[in-house]
A.B. asks: 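The structure that follows is given in the form of structure tokens.
Side chains included, hydrogens not; waters and symmetry mates left out as well; all remaining heavy atoms used. Order of the sequence lines sets the chain letters (A, B, ...), proteins ahead of strands, with each chain counted from 1.
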There are 2 protein chains.
Amino acid sequence: MPPGEAHAGGGDAVEDVLQLLRTGGSRITTSRRLLVRTLVERGEHATAEELASQVQSEAPDIHLSTIYRNLEELERRGVVSHAHLGHGPATYHLSATAHGHLVCEGCGAMHEAPDELFEDFAALVAGRYGFVVDSHHFAVIGRCARCTAAERGAPEVG
Amino acid sequence: MPPGEAHAGGGDAVEDVLQLLRTGGSRITTSRRLLVRTLVERGEHATAEELASQVQSEAPDIHLSTIYRNLEELERRGVVSHAHLGHGPATYHLSATAHGHLVCEGCGAMHEAPDELFEDFAALVAGRYGFVVDSHHFAVIGRCARCTAAERGAPEVG
DNA sequence: TTTCCTGCAAATAATTTGCAGAACT
DNA sequence: AGTTCTGCAAATTATTTGCAGGAAA
């Protein structure tokens, strides 16, 4: 595969999603094609606004509200998920590339967490409450190693 | 202790917090007194607006922005924490009564989770990434037992 | 009396919605 | 042609901020 189109599958992934939309009775529009392509290229958490920016770099007229509507549609089809990572806006990504997140409340750094990290916890919660954890849908908040270390030296309030 | 003032400590807890503010150089105002009292009485997650409503039932002039500012202040002192439970507004509670949450993405039901539930998970994350999990600060999203069961019978999309 | 706090109004930020026209099938 | 999508503007929701007056220490 040529460099620059790294992400497994490349354009095929885009076509797969578009086909899914088509099959479901949705229409394939420029905004949807570009949005799906953007999502595949990023493969990573991005806010609606970031996605819009990138889409708009190719088609400036596509409105942010259209991005929101399309994301909603894609989410309804199960192609996309969104997560609320602490404060700021929600982030979106393809369900296929979904994973958990560790977000540092000190510096805001975000770390990706493999599903496997949540396995035991999910099993525990399921066993005890019958609650099925969706580890992709929320961020685990806490303090990263660096911030934890930094705090040992300097106290917080002045 | 008289019934109706259940929550461990009762009015003392309010005074403790106020004393902490005083000591820190903050002033004790009506809005702060009422807010702290409300937080102690609820002991549970409440949105800024819910807190404002209850405070306003005793002092109608207290503005929502004052509630926000006071919550911010209390949070700075470590008395209060807030968490982002999925969509909607943030919820606030005394740090002392803090605990984790399981929020069902199907029906929105919220279940409180004891700290102990997160112990192993936190240890795993700490060991592997040096990341210190703050289990009170985020909601574990997933599907409650009821919604999971309901879905086995009825498929999602129409 | 000095500084902090508050009410109010207005600004922001994130997202949603109504509507008439444009685009897909 | 018929329905679904889209752009735009405006409404919503959650929260923050500037300012001038009011209150705590």
Side-chain angles (χ1 to χ4, degrees), chain A residues 15 17-36 38 45-53 55-56 58-77 80-92 108 139 157-158, chain B residues 15 17-36 38 45-53 55-56 58-77 80-92 108 139 157-158:
Chain A
E15 283 313 314
V17 172
L18 294 180
Q19 186 53 46
L20 192 109
L21 289 181
R22 228 182 308 257
T23 305
S26 296
R27 291 176 181 177
I28 307 306
T29 64
T30 304
S31 70
R32 287 179 179 180
R33 193 186 307 275
L34 287 175
L35 175 58
V36 172
T38 300
H45 38 73
T47 66
E49 200 147 304
E50 287 165 349
L51 292 167
S53 281
V55 164
Q56 285 161 359
E58 295 194 58
D61 284 347
I62 292 171
H63 201 274
L64 180 56
S65 66
T66 297
I67 298 292
Y68 274 110
R69 281 191 274 226
N70 285 345
L71 285 170
E72 198 183 344
E73 167 81 15
L74 289 168
E75 206 157 0
R76 210 178 301 130
R77 306 267 177 216
V80 157
S81 313
H82 79 273
H84 295 273
L85 272 37
H87 294 220
T91 64
Y92 298 78
V157 195
Chain B
E15 282 313 313
V17 172
L18 294 180
Q19 187 51 47
L20 193 109
L21 288 182
R22 224 181 310 257
T23 305
S26 296
R27 292 174 181 177
I28 307 307
T29 63
T30 305
S31 71
R32 288 180 179 179
R33 196 186 303 277
L34 287 174
L35 176 57
V36 172
T38 301
H45 39 73
T47 66
E49 199 148 306
E50 287 165 350
L51 292 167
S53 282
V55 165
Q56 285 162 358
E58 295 193 57
D61 283 348
I62 291 169
H63 201 274
L64 179 56
S65 66
T66 297
I67 298 293
Y68 274 110
R69 281 192 273 225
N70 285 345
L71 285 170
E72 199 183 344
E73 166 81 14
L74 289 168
E75 205 155 1
R76 212 177 299 129
R77 306 265 178 217
V80 157
S81 313
H82 80 273
H84 295 274
L85 272 40
H87 294 220
T91 65
Y92 299 78
V157 196

A.B. asks: Should Thr29(A) be listed as having a side-chain N or O under 4.0 Å from OP1 or OP2 of dC24(C)?
C.D. replies: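 The answer is no; no side-chain N or O of Thr29(A) sits under 4.0 Å from OP1 or OP2.
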
A.B. asks: Tell me every residue that passes side chain to side chain contact (heavy atoms under 4.5 Å, CB included) with His84(A), counting only those two or more places apart in sequence or in another chain.
C.D. replies: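 His82(A), Ala90(A), His87(B).
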
A.B. asks: Nearest-Å distance, CG (Leu21(A)) to C1' (dT25(C))?
C.D. replies: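 Rounded to whole Å, this separation is 15 Å.
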
A.B. asks: Using whole Å, report how far CD of Gln19(A) lies from C1' of dT25(C).
C.D. replies: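 Computing the Gln19(A):CD to dT25(C):C1' distance gives 14 Å.
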
A.B. asks: Hey, what do you get for OG (Ser81(B)) to OH (Tyr92(B)), rounding to the nearest 0.5 Å?
C.D. replies: 11.0 Å

A.B. asks: Counting the atoms with a prime plus P, OP1 and OP2 as sugar-phosphate, which does Ser65(A) contact under 4.0 Å by heavy atoms, base, sugar-phosphate, or nothing?
C.D. replies: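 Counting heavy atoms under 4.0 Å across all strands, the contact made by Ser65(A) includes a base.
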
A.B. asks: With sugar-phosphate meaning primed atoms plus P, OP1 and OP2, does Ser31(B) contact a base, only sugar-phosphate, or nothing at under 4.0 Å between heavy atoms?
C.D. replies: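 Counting heavy atoms under 4.0 Å across all strands, the contact made by Ser31(B) is with sugar-phosphate only.
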
A.B. asks: Can you see which heavy atom on Arg22(B) is nearest to which on Glu15(B), and at what distance?
C.D. replies: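 Closest heavy-atom pair between Arg22(B) and Glu15(B): NH2-OE1, 4.0 Å.
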
A.B. asks: Return the value, rounded to whole Å, for the distance between atom CG of Leu34(B) and atom P of dT6(C).
C.D. replies: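 Computing the Leu34(B):CG to dT6(C):P distance gives 11 Å.
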
A.B. asks: Answer yes when Glu73(B) and Arg76(B) have at least one side-chain N-carboxylate O distance shorter than 4.0 Å, and no when they do not.
C.D. replies: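 Looking at Glu73(B) and Arg76(B), the cut-off is met.
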
A.B. asks: Measure from NE2 on His84(B) to P on dA13(C) and round the result to the nearest Å.
C.D. replies: 16 Å

A.B. asks: Is the base of dC4(C) touched by the side chain of Arg27(B) through a donor-acceptor pair closer than 3.5 angstrom?
C.D. replies: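 Answer is yes: a donor-acceptor pair is held.
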
A.B. asks: If you compare all heavy atoms of Ile67(A) against all heavy atoms of Ala48(A), which two are closest, and at what distance to 0.1 Å?
C.D. replies: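 Minimum heavy-atom contact is CG2-O, 3.8 Å.
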
A.B. asks: Contact boundaries of DNA chain D with chain B (under 4.0 Å, heavy atoms), 5' to 3'?
C.D. replies: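 The contact span of chain B on DNA chain D goes from dA14(D) to dA25(D).
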
A.B. asks: Which residue lies toward the 5' end of DNA chain D, Thr66(A) or Tyr68(B), if each is placed at its nearest nucleotide?
C.D. replies: Thr66(A)

A.B. asks: Map Glu72(B) and Ile28(B) onto DNA chain D by nearest heavy atom, then report which one ends up closer to the 5' terminus.
C.D. replies: Glu72(B)

A.B. asks: Tell me the interatomic distance from Asn70(B), atom CG, to dC4(C), atom P, rounded to whole angstroms.
C.D. replies: 15 Å

A.B. asks: Can you measure Arg32(A) atom CZ to dC24(C) atom P for me and round it to whole angstrom units?
C.D. replies: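 Rounding to the nearest Å, CZ of Arg32(A) and P of dC24(C) are 11 Å apart.
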
A.B. asks: Atom CD1 of Ile67(B) and atom C1' of dG7(C): how far apart are they, to the nearest Å?
C.D. replies: 12 Å

A.B. asks: What's the shortest heavy-atom distance between Ser26(B) and Arg77(B), and which atoms?
C.D. replies: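 Heavy atoms only, the tightest pair is OG-NH2, 2.6 Å.
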
A.B. asks: Looking at dC5(C), I'd like to know if its phosphate oxygens (OP1 or OP2) sit under 4.0 Å from a side-chain N or O belonging to Arg69(B).
C.D. replies: no

A.B. asks: Is there a side-chain contact (heavy atoms from CB on, under 4.5 Å) between Val80(A) and Val17(A)? Walk through the geometry before answering.
C.D. replies: CA-CA 10 Å; Val80(A) 157; Val17(A) 172; over 6 Å; no

A.B. asks: Arg33(B) CZ to dT6(C) P: how many Å, rounded?
C.D. replies: 12 Å

A.B. asks: Within the structure shown, what part of the strands sits under 4.0 Å from Ala48(B) by heavy-atom distance: base, sugar-phosphate, or nothing?
C.D. replies: nothing

